[in-house]
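Notes for the one structure printed next.
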Number of protein chains: 2
Amino acid sequence: MPPGPGPGTPPRPATIKDVAAAAGVSRQTVTRAVNAMPGINDATRERVLAAARELGYRPSRFGRGLVVPPTRTLGLLVEDLTNPYYPELASAVLRLAAQAGWNVVLAERAWAADAAPAERFGAEVDAVVNFTARPVPGRSDGLAELPLVEIDPENRESAQGRVDLDMSAAVVAAVAHLHERGVRRPVVLDLPHGSTRAAAFVAAFADRGTSARRAPTATTDLAGGLATAERVLREVPDVDALVAFNDVTGFGVLRALRLAGVDVPGRVRVLGIDGLAIGSFVTPRLTTLALDVPLVARTALEVVLALHAGTLAPGEPGTHRRIPYRLDVGEST
Amino acid sequence: MPPGPGPGTPPRPATIKDVAAAAGVSRQTVTRAVNAMPGINDATRERVLAAARELGYRPSRFGRGLVVPPTRTLGLLVEDLTNPYYPELASAVLRLAAQAGWNVVLAERAWAADAAPAERFGAEVDAVVNFTARPVPGRSDGLAELPLVEIDPENRESAQGRVDLDMSAAVVAAVAHLHERGVRRPVVLDLPHGSTRAAAFVAAFADRGTSARRAPTATTDLAGGLATAERVLREVPDVDALVAFNDVTGFGVLRALRLAGVDVPGRVRVLGIDGLAIGSFVTPRLTTLALDVPLVARTALEVVLALHAGTLAPGEPGTHRRIPYRLDVGEST
DNA sequence: GAAGGGGCCGTGAACGTTCACGACGCGAGC
DNA sequence: GCTCGCGTCGTGAACGTTCACGGCCCCTTC
């Protein structure tokens with residue numbers, strides 16, 4: 001056999017023309033065979049399919065997408081799938097999107113490092129839902145942005161659509177709940193530089209005549225919650241409630257209290273924020289500010305699909321939605 | 001203004017020709033402006049970009065994919081993202097795939113109901129990793145299958161590539177560990193119809209002269225573990241170890257023991273299977289059979305990319321990989 | 001003043017697929 | 001025998017983009 005790229009094994013993927021040539025028919029006949037269309041003899045169909053299998057032919061989604069109404073693809077951007085906060089929403093989005101006939105390409109925020117993944121992502125997608133602390137980087141080319149909905153963009157401005165997660169009413173309810181159970185010396189875990197959610201709790205306690213202390217936590221993961229809770233126990237021995245920064249932090253708090261032999265909720269009551277499904281995994285089950293995650297997913301998808309379809313323009317009412325947290329009483333308070 | 005589709009708002013998405021016409025230039029000039037290519041006057045570039053923004057133009061990924069080397073897309077199929085077993089692997093796959101320049105479209109197994117999502121998925125993807133109990137349905141057209149790697153396909157046959165998860169050595173190690181700590185009356189949670197993993201544990205205990213009882217659990221979630229553990233405590237009061245069917249079941253077992261006031265690991269030792277990262281959330285931290293999840297992801301990706309590139313053919317050695325579990329000792333044993 | 005060169009821009013072709021339409025052969029019907 | 005119709009198959013065009021190439025204009029240079 002001769003060296004070099006002979007006709008034996010072309011590295012180039014087989015195209016419809018190759019199949020047509022191999023089967024001795026025309027492109028259109030190959031199309032008819034592959035797409036199970038009528039108007040083709042059974043014998044030729046078999047012959048064509050055999051040739052297609054032989055060549056490993058698979059129709060190019062690009063060539064096809066150019067002609068037929070293409071399947072739409074949604075880009076979903078999350079912070080970190082390892083954080084149990086995100087898979088719940090991702091799952092809900094996946095299901096609803098599939099129902100609407102959309103595919104979903106998922107990406108974790110690798111944006112930070114280099115722009116390559118962002119570019120790639122942005123070029124392969126018809127609309128974006130961003131569930132990330134950072135904004136989506138604008139296009140490096142000077143083009144129109146693609147339909148974008150941000151979930152819980154905090155105080156950051158987002159031009160197109162947004163789904164705000166409103167904690168205010170739930171915070172009041174949670175504080176009322178704690179206060180009724182006799183909490184008078186609460187400590188609220190906070191970020192080192194302060195946070196809106198901690199401020200909301202402090203304010204709500206103040207409305208009831210109770211002053212809440214803040215305890216900055218270096219990290220908001222399990223280790224952070226654990227370390228901060230241990231510190232609080234030393235510095236504020238008579239603490240009777242701990243408000244965690246989120247559920248995962250809350251798990252760390254629970255562990256610290258367990259290790260210290262402190263009864264929950266007997267001596268210290270613990271409140272989480274997130275309402276994670278895995279909250280039910282720990283004992284005692286965490287009282288938390290929960291979110292109707294499927295509703296969040298449904299709302300975000302609704303807005304972004306409307307933006308894509310053009311039935312909703314970036315400025316219009318309806319592009320900014322608001323979903324309240326609710327108090328979900330578990331066993332830890 | 002006249003009714004009908006006037007030139008004001010064409011529902012059809014703007015194409016490069018529209019931009020060219022609006023800016024009074026040619027297609028190629030639009031390409032140069034949009035792709036930041038040299039050989040174009042700054043003034044015209046601005047004019048073109050303005051027109052593009054005005055028309056809401058975004059280049060079609062199909063038209064582009066036809067010409068330039070297209071970005072590849074991997075389809076990742078998982079059972080249920082809500083089950084904490086899957087996000088860890090999904091996350092690892094996402095990162096490695098992004099590193100290799102691939103996008104990932106994720107899908108939960110909605111295959112069951114109708115074939116529509118499967119068709120859509122299959123047509124938009126260059127290769128598939130299946131991490132699901134069921135096999136991927138073959139193509140309805142008679143074409144060649146696309147590159148496919150199955151993770152832990154149990155006893156099911158898979159033609160192309162597979163990554164087997166091997167529990168045998170870890171089971172022996174775990175049983176040795178338990179036995180050394182004095183376990184003599186273990187109970188192994190099992191599926192109603194039996195399972196290979198439960199059988200492996202029973203056999204390993206038998207090798208050490210200890211007979212393990214089996215306790216069928218209706219479901220393998222938290223509630224199932226809880227209910228089964230409660231039943232075991234009643235029926236086998238002197239049980240000194242419980243082997244859960246997986247980690248989530250193990251969390252239910254821990255909760256049941258906690259509620260019953262049984263000390264872990266003092267009186268009863270608990271073993272999980274999965275090595276979930278969230279295992280560190282519960283107290284005591286679960287001893288478990290853990291998996292190097294990033295390694296699984298890396299291996300699966302390696303095989304499927306090689307299959308796609310053609311450097312590996314379905315039958316060859318190297319398409320079937322084997323990754324062992326290892327014993328991860330926590331606090332529950 | 002003519003030749004040369006650089007900056008800027010446009011024209012045909014190609015990528016792989018499907019749609020609309022036309023062509024061919026064969027049997028039935030008048 | 002001629003036409004009609006049906007079953008089967010092929011040919012041009014189009015989708016939206018980029019690549020290779022060629023053309024124009026103006027400025028520089030000898």
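Basis for what follows: all heavy atoms, side chains included, without hydrogens, waters or symmetry-related copies. Letters go in sequence order (proteins before strands), and every chain restarts at 1. What you see is a predicted model; the values in this text were computed from it and never measured.
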query = What is the per-nucleotide protein-contact pattern of nucleotides 13-23 of chain D, from the 5' end, where B denotes a base atom under 4.0 Å from a protein heavy atom, S denotes such proximity for sugar-phosphate atoms only, and - denotes neither?
reply = B-BBBBBB---

query = Within this structure, what is the CZ-to-C1' distance between B:Arg45 and C:dC8, rounded to whole angstrom?
reply =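 Result: 12 Å.
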
request  = Give the rounded distance in Å between these two atoms: CG of B:Asn41 and P of C:dG6.
outcome  =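 Rounded to the whole Å, the gap is 18 Å.
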
query = Does B:Thr44 place a side-chain N or O at less than 4.0 Å from the phosphate oxygens OP1/OP2 of C:dC8?
reply =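 False: B:Thr44 side-chain N/O out of range (4.0 Å or more) of C:dC8 OP1/OP2.
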
request  = Could you pull out all residues at least two apart from B:Glu54 that satisfy side-chain contact (heavy atoms from CB on, under 4.5 Å)?
outcome  =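 Partners of B:Glu54 by the side-chain contact (heavy atoms from CB on, under 4.5 Å) criterion come out as none, since no residue qualifies.
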
message = Among residues at least two apart in sequence or on other chains, which ones pass side-chain contact (heavy atoms from CB on, under 4.5 Å) with B:Ala92?
response =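 Result, side-chain contact (heavy atoms from CB on, under 4.5 Å) vs B:Ala92: B:Ala297.
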
message = Show every salt bridge (charged side-chain N to carboxylate O under 4.0 Å, His left out) that has at least one partner inside residues 69-78 of chain B, sequence neighbours left out.
response =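 Qualifying pairs: B:Arg72-B:Asp126.
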
task = Can you run down the salt bridge (charged side-chain N to carboxylate O under 4.0 Å, His left out) pairs that involve residues 16-31 of chain A, sequence neighbours left out, and say none if there aren't any?
result =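 Residue pairs passing salt bridge (charged side-chain N to carboxylate O under 4.0 Å, His left out), neighbours aside: A:Arg12-A:Asp18.
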
task = Output all residues satisfying salt bridge (charged side-chain N to carboxylate O under 4.0 Å, His left out) with B:Glu88, sequence neighbours left out; order by chain, then residue number.
result =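 None.
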
